[in-house]
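Shown next, in structure tokens, is the structure this report addresses.
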Amino acid sequence: MAREKILSGESGDFDDEDHDLRPQRMHDMVGQRDVIARLQIAIDAAKKRDEALGHMLFDGPPGLGKTTFATCIHHEMGTKIELTTGPLFKAPKDLVPYLTNAEKSSILFIDEIHRLPRAVEEYLYTAMEDFRIDIILGEGVNARTHNLWLKPFTLIGATTRAGLLSGPLRDRFQIREHLNFYSTDELTEIVLRNATKLAVQIEDAAAVEISKRSRQTPRIANNRLRWVRDYAQSKADGIVTLEVANAALEMQEIDSLGLDRLDRRYLETLIGIFEGGPAGVEAIAHTMNTSKDTLEDEVEPFLLRSELVVRSPRGRMATAKTYQHLRVAPPDKGENAEQSPLFD
Ligand code: ADP
């Protein structure tokens with residue numbers, strides 16, 4: 001995820017492509033009810049004690065609301081927020097301005113926190129635990145270490161790869177929340193609300209269709225909605241009917257399950273060239289003339305989740321659902337041939 005969120009400090013507003021659609025308060029958020037209920041208790045208690053919230057970690061795939069939670073928490077707490085991202089930090093000194101500028105109860109949000117270099121991560125330990133950092137003043141034989149006391153702040157970390165966080169960093173977060181994918185009903189509600197924010201008229205059936213093709217992810221639903229709105233304004237009378245939504249999504253080659261062209265090429269390669277597998281991801285990537293990382297990060301997670309592909313020790317395999325979806329007859333691999341676990 002190459003997005004960078006740039007802070008502007010004071011107001012917590014930042015250069016954010018999603019700003020117009022991003023909920024600003026927790027009651028504006030859709031879904032994630034359990035997470036919201038737990039956070040509201042923590043926020044309420046922290047406000048009553050007039051203390052900073054405990055450090056928090058949000059994990060989950062891109063576009064599910066990690067940054068949105070941080071933004072809403074800052075509004076609920078009525079404190080400042082600084083937003084930054086792990087890869088921007090090269091050395092511990094890069095963290096110092098963020099930590100020394102932190103005010104009591106203010107929020108420091110670090111996206112992609114698993115990408116902090118080890119030295120930077122270790123520098124965070126005392127900052128998180130004791131609100132203290134050590135800085136070195138002077139050089140050579142005159143160099144002296146000074147303890148600098150920080151205001152009690154809240155670190156909110158977000159990660160798509162919780163497994164890559166080191167144990168010591170993970171343990172320093174008092175609150176850890178995993179974000180789940182959204183149901184079609186929840187996404188439909190998001191699409192309808194956001195259509196109002198974008199001042200576009202939309203039929204309920206069109207909102208449902210956009211949601212079904214949005215991979216259970218609010219950011220994708222927002223992007224699809226913006227495209228369908230553009231299409232409606234350019235090719236129709238501006239109203240998003242079911243017919244307009246279908247035509248717009250077809251033009252982008254997004255199918256009924258939300259697969260795009262690259263997803264379908266992956267499946268076609270798997271069944272057309274590798275006879276449904278098992279096939280190694282490197283071999284598939286090579287045949288498709290794309291990179292293994294692109295397939296692993298951007299294509300496979302959704303295909304695996306949708307049971308259009310299964311992973312076995314010998315490689316990726318198509319399922320009965322793959323053939324049904326692509327309307328291709330499954331190969332006859334013979335009675336004794338090894339079959340995908342989802343094959344009947
Ligand atoms: P992440 O930080 O997990 O990658 P974001 O918080 O940036 O994802 O979410 C992307 C967009 O999806 C937001 O701008 C917002 O419009 C929308 N969104 C995410 N979660 C919700 C939610 N629970 N309710 C409504 N909209 C949401």
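Along the sequence shown, residues are numbered consecutively beginning with 1. FYI, side chains are in, hydrogens and waters are out, and symmetry mates aren't considered; it's all heavy atoms of this structure. Start at 1 and go down the list; that is how both ligands and their atoms are numbered.
Neither the backbone nor the side chain of L179 has a heavy atom within less than 4.0 Å of ligand 1. Only the backbone of L64 comes within contact range of ligand 1, with a heavy atom under 4.0 Å; no side-chain atom does. When heavy-atom distances to ligand 1 are checked against a 4.0 Å cut-off, Y182 comes that close only through its side chain, counted from C-beta outward.
Judged by distance alone, the side chain of D171 and the main-chain N or O of P168 form no donor-acceptor pair under 3.5 Å. No donor-acceptor distance shorter than 3.5 angstrom exists from the side chain of Y231 to the backbone of V244, with no hydrogens or angles considered. The closest donor-acceptor contact from the side chain of H55 to the backbone of L155 lies under 3.5 Å.
Annotation: the span from M56 atom CE to K66 atom NZ amounts to 15.5 Å, rounded to 0.5 Å.
Of the N or O atoms in D28, none lie within a sub-3.5 Å distance of an N or O in ligand 1. Considering backbone and side-chain atoms alike, M29 places every N or O at 3.5 Å or more from each N or O of ligand 1. In terms of N/O distances under 3.5 Å, ligand 1 is approached by L21. Of the polar atoms of K66, at least one N or O is found under 3.5 Å from an N or O of ligand 1, judged by distance alone.
Contact record, V309 with L304: O-CD2, 3.5 Å, taken as the closest heavy-atom pair.
Between T68 and R22, the side chains place a donor N or O and an acceptor N or O closer than 3.5 Å (distance only, hydrogens not considered).
Of the listed residues (P218, C72, P62), the one carrying the non-hydrogen atom nearest atom 12 (O) of ligand 1 is P218. The residue among N194, T159, N222 with a heavy atom at the shortest distance from atom 11 (C) of ligand 1 is N222.
A continuous path of hydrophobic side-chain contacts links F131 to F173 [ILVMFWY only; heavy atoms under 4.5 Å].
In this structure, P23 counts as a contact residue of ligand 1, since one of its heavy atoms falls inside 4.0 Å of the ligand.
Salt-bridge annotation for D28 and R193: absent, with no side-chain N of the basic residue lying under 4.0 Å from a carboxylate O of the acidic one.
Residue T68 approaches ligand 1 through these ligand atoms, each under 4.0 Å from one of its heavy atoms: 5 (P), 6 (O), 9 (O), 13 (C), 15 (C), 19 (C). In the vicinity of I190, heavy-atom distances shorter than 4.0 Å reach the ligand 1 atoms 24 (N), 25 (C), 26 (N). Against a heavy-atom cut-off of under 4.0 Å, V30 is close to the following atoms of ligand 1: 22 (C), 23 (N), 24 (N), 25 (C).
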key: K321/E307 under salt bridge (charged side-chain N to carboxylate O under 4.0 Å, His left out): CA gap, chis, key distance, verdict   = CA-CA 7 Å; K321 194 173 165 189; E307 294 177 349; 5.5 Å; no
